Undergrad: 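So that we are looking at the same thing, I have put the structure below in structure tokens.
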Amino acid sequence: MNCPNCGTQVNANETYCSFCGARLHHQPVMDQQPQHLSQSQSRMRGSTPSPQDDSSKKNLKALLLSITGIVLAIALATGIFSYINSSNQQSLWEQCVSKKQIDDLKLYVEKYPDGEHYEEAKEMLKTLVRDKEAWDQARVSNDEDHIRAYIRNNPYSDHIDEARKLLDDVVWNNAIVKDNKYAYEQYINEFPSGRHIADAQNLLGEKRRAELTTGEIDNVRGSVQNFLLGLEEWDMNLMVSTCDSQMSDFMGKSHASIQDVKDYFDAYREKVDSIGFTAPIVDVKKVITSDKRVEYKASFTTTRSMRRNEGEHEIVAQIVGQAVLNDRFLFKELTMDKVTQ
């Protein structure tokens, strides 16, 4: 090769020109080989990622994975929320159906306007509200006819058992006010297993026991007639047979005994020669005493014809009698007063 400065031919391996000493402008063969290798390596870098490129790709992959995780987490949370919401809705609806409470139905309608049972819940709520209003009116009225109308018009109401109990109480209270056997019979017939059935049966028994029968009337009249007949015929045995052994009052004498009856008979006989009575008209009432015993109150009228010993003139008088007889139809009390003569 030639020196670029003086043109002298020099050895290609020399660094400086041996003639002029100028630096030769070439690289040793050894210096050129790394340059060749560097270009090759440069070509290799085009096909193999650098560390910086690997880091970028890793960061991108991590970002994608993070985004995917977030999306999956949101989807999972949405699914869980939807499941819980659906489960809560179904649970509330089942509670509405089983308990039929207005507050539960209001909550369902307000909380789940798009719920599966929304329309059904609204209709059920309307029905319950109407029923509650009707029941409140019937309950507050405490009126037998009003309560009967409610039961008749709402046979499937949730308040039907409560309404029947209220009717039971109202009918019973009305029977107590009327206090007659027909009212007690009505209660027993309508409520054979009623809340007051035992009291009703007891009171009905008392009313029936206090009911005056034809036989009892005949027995009371018979006692009155036998007493007057005994007095008329001077039949001591017949007369005393109509009286109890101890009487609270007999012809004005309190705490009278059978001996008092005999004494009255003897005293009366001394004053008159003869005596007679027309058939008495007897009115009878039956009563139950405070100690649950039966008594009969008799009022009677008769006309007495009497002749005294000292004269032949017959004395006629209207007699009114008051008597109380026990359950054996014996006089416990007896008084007779002259009204007219």
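Here the structure is a predicted model, which means the values were calculated and not measured. Numbering starts at 1 and runs along the sequence shown.
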Undergrad: Can you run down the side-chain hydrogen bond (donor to acceptor under 3.5 Å, both in side chains) pairs that involve residues 236-249, sequence neighbours left out, and say none if there aren't any?
TA: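 Listed by first then second residue: Asp244-Asn326, Asp244-Arg328, Ser248-Glu333.
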
Undergrad: With rounding to the nearest 0.5 angstrom, report the CG to CG distance, Asp235 to Leu229.
TA: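 Asp235 atom CG to Leu229 atom CG measures 7.5 Å (nearest 0.5 Å).
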
Undergrad: Could you verify whether a donor N or O on one side chain and an acceptor N or O on the other, from Tyr296 and Ser223, lie under 3.5 Å apart?
TA: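 Checked: Tyr296/Ser223 side chains show no N/O donor-acceptor pair below 3.5 Å.
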
Undergrad: Among side-chain atoms of Gln322 and Ser299, is any donor-acceptor pair under 3.5 angstrom?
TA: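 There is such a pair between these side chains.
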
Undergrad: Considering only NZ, NE, NH1 and NH2 on the basic side and carboxylate oxygens on the acidic side, decide whether Glu185 and Arg208 come within less than 4.0 Å.
TA: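 Looking at Arg208 together with Glu185, the answer is yes, because their closest N to O distance falls below 4.0 Å.
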
Undergrad: Tell me whether Arg269 forms a cation-pi arrangement with Trp234, defined as NZ or CZ under 6.0 Å from the six-membered ring centre and within 45 degrees of its axis.
TA: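 The answer is yes; both the distance and angle limits are met.
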
Undergrad: Would you say the side-chain atoms of Asp131 and Tyr156 include a donor-acceptor pair closer than 3.5 Å?
TA: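 Result is no, nothing qualifies.
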
Undergrad: Looking at Ala298 and Val282, what are the two nearest heavy atoms and their distance?
TA: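 Closest approach of Ala298 to Val282: CB-CG1, 4.2 Å.
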
Undergrad: Hey, could you give me the CG/CD distance between Leu167 and Glu162, rounded to the nearest 0.5 Å?
TA: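 CD of Glu162 is found 13.0 Å from CG of Leu167.
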
Undergrad: Could you pull out the closest heavy-atom pair between Ala200 and Tyr184, with the gap in Å?
TA: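 Distance-wise, the nearest heavy atoms are O-CB, 4.2 Å.
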
Undergrad: Run the salt-bridge test on Lys207 and Glu211 with the 4.0 Å N-O cut-off and return the result as yes or no.
TA: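 Result for this pair is no, no salt bridge flagged.
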
Undergrad: Would you compute the distance between atom CE of Met239 and atom CD of Glu233 and round it to the nearest 0.5 angstrom?
TA: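 Met239 atom CE to Glu233 atom CD measures 12.5 Å (nearest 0.5 Å).
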
Undergrad: When you measure from the side chain of Ser91 to the backbone N and O of Ser87, does any donor-acceptor pair fall under 3.5 Å?
TA: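 Not at all, since once roles are kept as given, no pair shorter than 3.5 Å links the two residues.
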
Undergrad: Name all residues meeting the ring-ring contact (aromatic ring centres under 6.0 Å, His included) criterion together with Tyr108; count only those two or more places apart in sequence or in a different chain, and write none if there are none.
TA: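 Applying ring-ring contact (aromatic ring centres under 6.0 Å, His included) to Tyr108 gives Trp93, Tyr112.
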
Undergrad: At their closest point, which heavy atom of Leu212 faces which heavy atom of Glu216, and how far apart are they?
TA: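 Minimum heavy-atom separation between Leu212 and Glu216: CA-OE1, 3.4 Å.
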
Undergrad: Just so I know, are the side chains of Arg195 and Trp172 near enough to count as touching, which here means a heavy-atom distance under 4.5 Å?
TA: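 Arg195 vs Trp172: side chains apart.
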
Undergrad: Over all heavy atoms of both residues, which pair between Asn189 and Pro192 is shortest? Give the atoms and the distance, please.
TA: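 Closest heavy-atom pair between Asn189 and Pro192: O-CD, 3.8 Å.
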
Undergrad: Asn219: which residues meet the side chain to side chain contact (heavy atoms under 4.5 Å, CB included) condition with it, sequence neighbours left out?
TA: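 Once residues adjacent in sequence are excluded, the partners of Asn219 under the side chain to side chain contact (heavy atoms under 4.5 Å, CB included) criterion are Phe329.
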
Undergrad: Quick one: list whatever passes ring-ring contact (aromatic ring centres under 6.0 Å, His included) with Phe191, sequence neighbours left out.
TA: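 Listed in chain order: Tyr187.
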
Undergrad: Do you know which two heavy atoms are closest between Leu166 and Arg139, and how far apart they sit?
TA: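 Nearest pair, atom of Leu166 first, then Arg139: CD2-CA, 3.8 Å.
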
Undergrad: If you round to the nearest 0.5 Å, how far is CG of Leu128 from CG of Asp158?
TA: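 Answer rounded to 0.5 Å: 6.5 Å.
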
Undergrad: Apply side-chain contact (heavy atoms from CB on, under 4.5 Å) to Glu206 and Lys292, showing your working.
TA: CA-CA 8 Å; Glu206 290 183 6; Lys292 306 301 181 182; 3.1 Å; yes

Undergrad: State whether the number of non-hydrogen atoms from other residues, nucleotides or ligands found under 6.0 Å of Ile288 atom CD1 is greater than 12.
TA: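 More than 12 within 6.0 Å, yes.
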
Undergrad: For Tyr268, I'd like to know if atom OH has over 12 heavy atoms of other residues, nucleotides or ligands within 6.0 Å.
TA: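 Enclosed: over 12 neighbouring heavy atoms sit under 6.0 Å from OH of Tyr268.
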
Undergrad: Can you tell me how far the CG atom of Leu125 sits from the CD atom of Glu110, to the nearest 0.5 Å?
TA: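 The distance works out to 9.0 Å.
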
Undergrad: Can Ile176 be reached from Tyr182 by stepping across I, L, V, M, F, W or Y side chains whose heavy atoms are under 4.5 Å apart?
TA: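 Shared cluster, no.
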
Undergrad: Give a yes or no on whether the backbone of Glu116 and the side-chain of Gln89 come within a donor-acceptor separation of less than 3.5 Å.
TA: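 Yes, because the side chain of Gln89 sits within donor-acceptor range (under 3.5 Å) of the backbone of Glu116.
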
Undergrad: Without placing hydrogens or testing angles, list every side-chain donor-acceptor pair under 3.5 Å for residues 252-259, not counting sequence neighbours.
TA:
unit_1: Ser257; atom_1: OG; unit_2: Gln259; atom_2: N; d: 3.4
unit_1: Ser257; atom_1: OG; unit_2: Asp260; atom_2: OD2; d: 3.4
unit_1: Gln259; atom_1: NE2; unit_2: Asp263; atom_2: OD1; d: 3.0

Undergrad: Mind listing the closest non-hydrogen atom pair of Ile275 and Leu231 along with its distance?
TA: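 Smallest heavy-atom distance, with atoms named: CG2-O, 3.6 Å.
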
Undergrad: The criterion is side chain to side chain contact (heavy atoms under 4.5 Å, CB included); which residues satisfy it with Asp103, sequence neighbours excluded?
TA: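 Not a single residue meets the side chain to side chain contact (heavy atoms under 4.5 Å, CB included) criterion with Asp103.
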
Undergrad: Students often mix this up, so state it plainly: with edges at 30° and 60°, are the rings of Phe227 and Phe250 parallel, tilted or perpendicular?
TA: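 The arrangement is perpendicular - the two ring planes meet at more than 60°.
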
Undergrad: With the 4.5 Å side-chain cut-off for hydrophobic clustering, are Val240 and Leu238 part of the same group?
TA: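 No; Leu238 is not reachable from Val240 via cluster members.
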
Undergrad: Could you give me the CA-CA distance, side-chain angles and deciding distance for Met251 and Leu334, then say whether side-chain contact (heavy atoms from CB on, under 4.5 Å) is met?
TA: CA-CA 6 Å; Met251 301 302 180; Leu334 176 61; 3.7 Å; yes

Undergrad: Can you list the steps and then say if His159 with Asn154 is a side-chain contact (heavy atoms from CB on, under 4.5 Å)?
TA: CA-CA 9 Å; His159 301 288; Asn154 303 274; over 6 Å; no

Undergrad: State whether Asp168 and Arg164 are salt-bridged, where the test is any N-O pair (Lys NZ or Arg NE/NH1/NH2 against Asp/Glu carboxylate O) under 4.0 Å.
TA: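 Answer for the salt bridge query: no.
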
Undergrad: Show, in sequence, the C-alpha distance, side-chain angles and deciding distance for Asp337 and Ile319, and conclude whether the side-chain contact (heavy atoms from CB on, under 4.5 Å) test is met.
TA: CA-CA 6 Å; Asp337 297 311; Ile319 302 297; over 6 Å; no

Undergrad: Look up atom OG1 in Thr289 and atom CD in Glu295, then write down how far apart they are to the nearest 0.5 Å.
TA: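 One finds 5.5 Å between OG1 of Thr289 and CD of Glu295.
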
Undergrad: Between Lys297 and Asp283, does any NZ, NE, NH1 or NH2 come within less than 4.0 Å of an OD or OE carboxylate oxygen?
TA: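 Looking at Lys297 together with Asp283, the answer is no, because their closest N to O distance does not fall below 4.0 Å.
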
Undergrad: Got a salt bridge between Asp327 and Arg293, using NZ or NE/NH1/NH2 to carboxylate O under 4.0 Å?
TA: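 The answer is no: the pair does not qualify as a salt bridge.
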
